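The shown structure was predicted, so the numbers you read here are calculated from the model rather than taken from an experiment. Position 1 is the first residue of the sequence; numbering continues from there.
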Amino acid sequence: MSLIITYISSKGCVIAGDKRRIAYFGDKSSREVLEEELYTGKIKSDEELQRRASELGVNIKVTDDTCKVRSLGDVVVGEISQKTPFETRRRRIYATTGAYQIIELTGSRITSMEKGDTAIIVFGNKIAKEITNRFLKKRWKTKTSLKDVADLFRELMDHVSSQTPSVGSEYDLFIKSPSLDKKSAHKLLSDTIVRDVRLLQKWRAKLKQEMLDRREEIKLASRILTEGEVGRVMRQDGSHVEVKLAGDVEAYDTRWKKVAGPGDMVLMRISDGGTLSPGEKIAVRDENLCVEGRDIKVDCDVIICRREE
């Protein structure tokens, strides 16, 4: 559900890209029917898209805040992506004065590359490309300035978004006109691609680690003790109580770092000034930490969990 158009000339380059993203939720076959009707042009407006989705029992979420084109110094970049259950595939164009390079990535690995000089390159779904080609056939003029191209691209984005809901009315547009010869332009693009892909690799590695960390947090959170014995009182000093954890209990800090295991001591607090005896049981009852059999509430600065078996 994208439209990215790039103009590359000996004077500079212009890129424009819409910001629409559509998420589909529901039966796979129904989703496929909806997407087919959308991308072949049968569905022509946002209202028709919502109505047809409802008829097919598909929930959709439409947003217009996705940045598909960006500026990197004297280079413009456009990207369309496709997510699969196992990987993300990306197609990117990098352009500057008199040169462009298109790469395809699986994950953060470049799988193909092509280069060119002056051209008009269109990324998009079937119906968006068809509407774009018809528009340019009627409206394109030779020997036009970068400003004229930018104005035409603005008209184009408005026109396409009015014809198909696969393209949104919000878009980004950039103009670049550095003074470069062909060799310098392609070197600039190659250097930019190397840096950009390395950043993608670092971002993916960080994201993977965050996902692993999050998965571990969810796993630990599922073990939080909501009912049962926590441990036994060993010693009391005013409102502070040392508790020896039970054999199947562990304690973690708020960053999910383990701070105590079975049989270790954990410092807790009682708030009403009561006196406890060694051996009294600390437990969780109705998700509240308390002294077993007594109306005394207990607090602590750790997360009490069942030990993983």
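In terms of modelled atom types and a separation under 3.5 Å, the side chain of Asp158 and the main chain of Glu155 share no donor-acceptor contact. Under a 3.5 Å cut-off, the side chain of Thr144 and the backbone N or O of Lys141 do not form any donor-acceptor pair. Under a 3.5 Å cut-off, the side chain of Asp237 and the backbone N or O of His240 do not form any donor-acceptor pair. Without hydrogens or angle criteria, Ser54 side chain to Arg51 main chain gives no donor-acceptor distance under 3.5 Å. Between the side chain of Thr106 and the main chain of Arg109, no donor-acceptor pair closer than 3.5 Å is present. The backbone N or O of Leu188 sits less than 3.5 Å from a side-chain atom of Thr192, completing a donor-acceptor pair. Proximity of a side-chain donor or acceptor of Thr111 to a complementary backbone N or O of Glu104 within less than 3.5 Å is detected. A donor-acceptor contact shorter than 3.5 Å is absent between the side chain of Glu48 and the backbone of Ile43. In this structure, Thr63 contributes its side chain and Asp65 its backbone to no donor-acceptor pair below 3.5 Å. Here the side chain of Asp286 pairs no donor or acceptor atom with the backbone of Asn288 at under 3.5 angstrom.
Side-chain atoms of Arg139 and Leu152, non-hydrogen and from C-beta on, do get closer than 4.5 Å to each other. The shortest side-chain heavy-atom distance between Trp140 and Val149 falls under the 4.5 Å cut-off. In this structure, the side chains of Thr40 and Ile127 stay at 4.5 Å or more apart for every pair of heavy atoms. Annotation: side chain of Lys129 is not in contact with side chain of Phe123 (no heavy-atom distance under 4.5 Å). With contacts defined as side-chain heavy-atom distances shorter than 4.5 Å, the pair Ile193/Arg92 does not qualify. A heavy-atom distance below 4.5 Å is found between the side chains of Ile303 and Ile224. With a 4.5 Å cut-off on side-chain heavy atoms, Met157 and Leu3 count as touching. The side-chain heavy atoms of Lys297 and Val291, taken from C-beta on, include no pair separated by under 4.5 Å.
In the hydrophobic cluster analysis, where Ile, Leu, Val, Met, Phe, Trp and Tyr join through side-chain heavy atoms closer than 4.5 angstrom, Leu225 is grouped apart from Trp256. Ile8 and Leu156 are not part of a single hydrophobic cluster, where members link through side-chain heavy atoms under 4.5 Å apart. By the rule that hydrophobic residues join a cluster once side-chain heavy atoms approach within less than 4.5 Å of another member, Val298 and Leu276 end up as members of one cluster. Note on Leu146 and Val76: separate hydrophobic clusters, where clusters join Ile, Leu, Val, Met, Phe, Trp and Tyr whose side-chain heavy atoms are under 4.5 Å apart, directly or indirectly. Under the 4.5 Å side-chain contact rule for hydrophobic residues, Leu200 and Leu189 share a cluster.
Taking NZ of Lys138 as the reference point, atom CG of Asn133 lies at 12.5 Å (rounded to 0.5 Å). Put simply, CG on Leu105 and CG on Asp196 are 9.0 Å apart, with the number rounded to the nearest 0.5 Å. For the atom pair CD1 of Ile5 and CD1 of Ile15, the computed distance is 10.0 Å after rounding to the nearest 0.5 Å. For the atom pair CG of Asp299 and SG of Cys290, the computed distance is 11.5 Å after rounding to the nearest 0.5 Å. Note that CZ of Arg235 is 4.5 Å distant from CD of Glu242, once rounded to the nearest 0.5 Å. Here Phe135 contributes atom CZ and Phe153 contributes atom CZ; the two are 9.5 Å apart, rounded to the nearest 0.5 Å.
Arg307 has no carboxylate O lying under 4.0 Å from a charged side-chain N of Asp248, or vice versa, which leaves the two without a salt bridge. Of the charged side-chain nitrogens involved, none lies within less than 4.0 Å of a carboxylate oxygen, so that Arg195 and Asp191 do not count as a salt-bridged pair. Lys19 has a carboxylate O that lies under 4.0 Å from a charged side-chain N of Asp172, or vice versa, which qualifies the two as a salt bridge. The residues Asp301 and Arg269 are annotated as salt-bridged, a charged nitrogen and a carboxylate oxygen being separated by less than 4.0 angstrom. Of the charged side-chain nitrogens involved, at least one lies within less than 4.0 Å of a carboxylate oxygen, so that Arg52 and Glu37 count as a salt-bridged pair. A salt bridge is absent between Glu170 and Arg20; no separation between the charged side-chain nitrogens and carboxylate oxygens falls under 4.0 Å. A salt bridge between Lys258 and Glu250 is present, with a side-chain N of the basic residue lying under 4.0 Å from a carboxylate O of the acidic one. Ion pairing between Arg232 and Glu280 fails under the 4.0 Å rule for side-chain N and carboxylate O.
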Worked verdict on Glu292 versus Arg285 for salt bridge (Lys or Arg N to Asp or Glu O under 4.0 Å) = CA-CA 8 Å; Glu292 185 73 84; Arg285 298 300 177 209; 2.6 Å; yes
request  = Verify side-chain contact (heavy atoms from CB on, under 4.5 Å) between Tyr252 and Arg223, making sure each step is shown before the conclusion.
outcome  = CA-CA 11 Å; Tyr252 294 80; Arg223 291 164 43 204; 3.4 Å; yes
query = Please walk me through it: do Leu56 and Val33 pass side-chain contact (heavy atoms from CB on, under 4.5 Å)?
reply = CA-CA 8 Å; Leu56 292 168; Val33 170; 4.0 Å; yes
request  = Determine, stepwise, if the pair Ile22 / Leu38 fulfils side-chain contact (heavy atoms from CB on, under 4.5 Å).
outcome  = CA-CA 11 Å; Ile22 306 175; Leu38 175 62; 4.0 Å; yes
request  = List the steps, then state whether side chain to side chain donor-acceptor pair (under 3.5 Å) holds for Ser190 with Gln101.
outcome  = CA-CA 8 Å; Ser190 296; Gln101 295 186 21; 3.2 Å; yes
task = Step by step, work out the side-chain contact (heavy atoms from CB on, under 4.5 Å) result for Leu289 and Cys300.
result = CA-CA 9 Å; Leu289 195 60; Cys300 65; 3.8 Å; yes
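Minimum heavy-atom separation, Ala119 to Tyr100: CB-CE2, 3.8 Å. Pairing each heavy atom of Val302 with each of Ala251, the nearest pair is CG2-CB, 3.9 Å. Contact detail for His186 and Asp117: the closest heavy-atom pair is NE2-OD1, 3.3 Å. In terms of heavy atoms, Tyr24 sits closest to Glu35 at CZ-CG, 3.7 Å. The two atoms that bring Pro165 and Asp46 nearest to each other are CB-OD1, 3.1 Å, heavy atoms only. Nearest heavy-atom pair, Asp18 versus Ser166, reported as atom, atom and distance to 0.1 Å: OD2-O, 4.2 Å.
At a cut-off of 3.5 Å, with distance as the only test, no side-chain donor of Thr96 or Asp74 sits close to an acceptor on the other residue. A donor and an acceptor atom, one from each side chain of Lys176 and Ser71, are located under 3.5 Å apart.
Remark: of the listed residues Arg70, Arg90, Arg91, Arg90 is the sole one forming a salt bridge (Lys or Arg N to Asp or Glu O under 4.0 Å) with Glu79. Of the candidates Val69, Thr6, Val77, Val75, Phe174 forms a side chain to side chain contact (heavy atoms under 4.5 Å, CB included) with just one, namely Val69.
Within a 6.0 Å radius of CZ in Arg294, more than 12 heavy atoms belonging to other residues, nucleotides or ligands are found.
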